[in-house]
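This report refers to the structure that appears directly beneath it.
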Amino acid sequence: MAKYLLLKHYRGAPSAVNDVPMDQWTPEEISAHVQYMNDFAARLEKTGEFVEGQALAPEGSWVRYDGEGRPPVTDGPFAETKDLIAGWMVIDVDSHERAVELAGELSAAPGAGGKPIHEWLELRPFLTAHPSGEECLGHG
């Protein structure tokens, strides 16, 4: 089994086919989208492929260490940033092909008008350690 991160972006990814921003969806369209995501996760829980998933708010801030005994430095939010992450799902699957298959399915979540979004999802394998202790990419 190999773990993969499926990242949903607010922007920065190529445009989705059904590219109506979520803040312009009706309450029913939002409910249908959330239900699709919940049903998808529940199905993967039954197969043992679901690890975790979360949705994130679009706002946030940058934080960095600024020296011993000093408070962390914060700045932001940076609404103009190109990589605002909307949420993620962690899956644990037998192969890279299965990860791609599930990412494609998740991309079909309904959006405006109840039509599939066909959004681009970023698929990233978790970094795993070889028995020799070297870091490598886990591809199943």
Side-chain angles (χ1 to χ4, degrees):
M1 299 288 277
K3 289 184 181 170
Y4 287 84
L5 178 65
L6 302 172
L7 281 175
K8 294 174 69 73
H9 292 268
Y10 279 112
R11 53 185 165 276
S15 294
V17 173
N18 185 358
D19 199 20
V20 178
M22 190 180 242
D23 62 2
Q24 295 176 23
W25 296 1
T26 67
E28 294 78 18
E29 291 166 343
I30 292 171
S31 292
H33 181 81
V34 170
Q35 187 63 54
Y36 182 97
M37 303 291 285
N38 290 339
D39 291 347
F40 182 83
R43 187 167 45 89
L44 295 187
E45 281 178 350
K46 289 180 184 168
T47 64
E49 295 172 306
F50 180 82
V51 176
E52 195 230 345
Q54 293 292 325
L56 298 173
E59 61 275 344
S61 58
W62 291 93
V63 178
R64 78 158 200 242
Y65 175 75
D66 200 35
E68 193 65 40
R70 299 177 71 180
V73 175
T74 61
D75 201 358
F78 296 106
E80 72 279 6
T81 190
K82 296 190 97 180
D83 284 324
L84 288 175
I85 297 169
W88 72 84
M89 184 175 290
V90 177
I91 56 174
D92 196 358
V93 294
D94 288 328
S95 67
H96 178 75
E97 291 73 23
R98 177 66 174 153
V100 169
E101 176 186 338
L102 292 175
E105 229 179 283
L106 191 57
S107 166
K115 295 180 180 157
I117 299 172
H118 297 284
E119 70 180 321
W120 288 91
L121 298 173
E122 186 177 351
L123 178 63
R124 304 262 314 260
F126 276 42
L127 200 58
T128 59
H130 262 320
S132 67
E134 292 178 40
E135 296 289 321
C136 73
L137 293 180
H139 284 288

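- Atom-to-atom distance recorded for L6:CG and L121:CG is 6.5 Å, nearest 0.5 angstrom.
- W120 and P14 make their closest contact through CD1-O, 3.2 Å (heavy atoms, listed as atom of the first residue, atom of the second, distance).
- Atoms OG1 and CZ, from T128 and F126 in turn, are 11.0 Å apart once rounded to the nearest 0.5 Å.
- Among L106, L102, V93, the one residue that satisfies the side chain to side chain contact (heavy atoms under 4.5 Å, CB included) test with L44 is L102.
- Among residues two or more places apart in sequence or in another chain, the side chain to side chain donor-acceptor pair (under 3.5 Å) test is passed with Q24 by none.
- Minimum heavy-atom separation, P110 to A32: CG-O, 3.7 Å.
- Distance CG/N38 to CZ/R43: 13.0 Å, rounded to 0.5 Å.
- Following chains of ILVMFWY side-chain contacts shorter than 4.5 Å, one can reach I117 starting from V20, so the two form part of one hydrophobic cluster.
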How far apart are the C-alpha atoms of H9 and I85, what are their side-chain angles, what is the distance that settles it, and do they pass the side-chain contact (heavy atoms from CB on, under 4.5 Å) test?
CA-CA 4 Å; H9 292 268; I85 297 169; 4.2 Å; yes
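- Nearest heavy-atom pair, P116 versus A108, reported as atom, atom and distance to 0.1 Å: CB-O, 3.4 Å.
- Counting only distance, with no hydrogens or angles, the side chain of D66 and the backbone of P72 share no donor-acceptor pair below 3.5 Å.
- A distance-only check finds a donor-acceptor pair linking the side chain of S107 to the backbone of E119 [under 3.5 Å].
- Within the model, atoms OH of Y65 and CZ of R70 stand 9.5 Å from one another, a figure rounded to the nearest 0.5 Å.
- No side-chain donor-acceptor contact under 3.5 Å links D94 to the backbone of M1.
- Salt-bridge annotation for E122 and R124: present, with a side-chain N of the basic residue lying under 4.0 Å from a carboxylate O of the acidic one.
- Classification of the W25-H33 ring pair by plane angle, with boundaries at 30° and 60°, yields perpendicular.
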Test V90 against F50 for side-chain contact (heavy atoms from CB on, under 4.5 Å), laying out the working first.
CA-CA 7 Å; V90 177; F50 180 82; over 6 Å; no
Quick one, H96 with L123, criterion side-chain contact (heavy atoms from CB on, under 4.5 Å). Give me CA distance, side-chain angles, the key distance, then yes/no.
CA-CA 10 Å; H96 178 75; L123 178 63; 4.0 Å; yes
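- In terms of the side chain to side chain donor-acceptor pair (under 3.5 Å) criterion, residue partners of E49 (sequence neighbours excluded) are, by chain and number, T47, R98.
- The NE2 atom of H118 sits 14.0 Å away from atom OG of S15, with the distance rounded to the nearest 0.5 Å.
- The two residues M22 and I30 make their nearest non-hydrogen contact at O-CD1, 4.1 Å.
- Rounded to the nearest 0.5 angstrom, Q54 CD and K8 NZ are separated by 13.5 Å.
- Inter-residue side-chain proximity for M89 and Y4 is flagged as unmet; no heavy-atom pair is nearer than 4.5 Å.
- With sequence neighbours left out, W88 forms a side chain to side chain donor-acceptor pair (under 3.5 Å) with E52.
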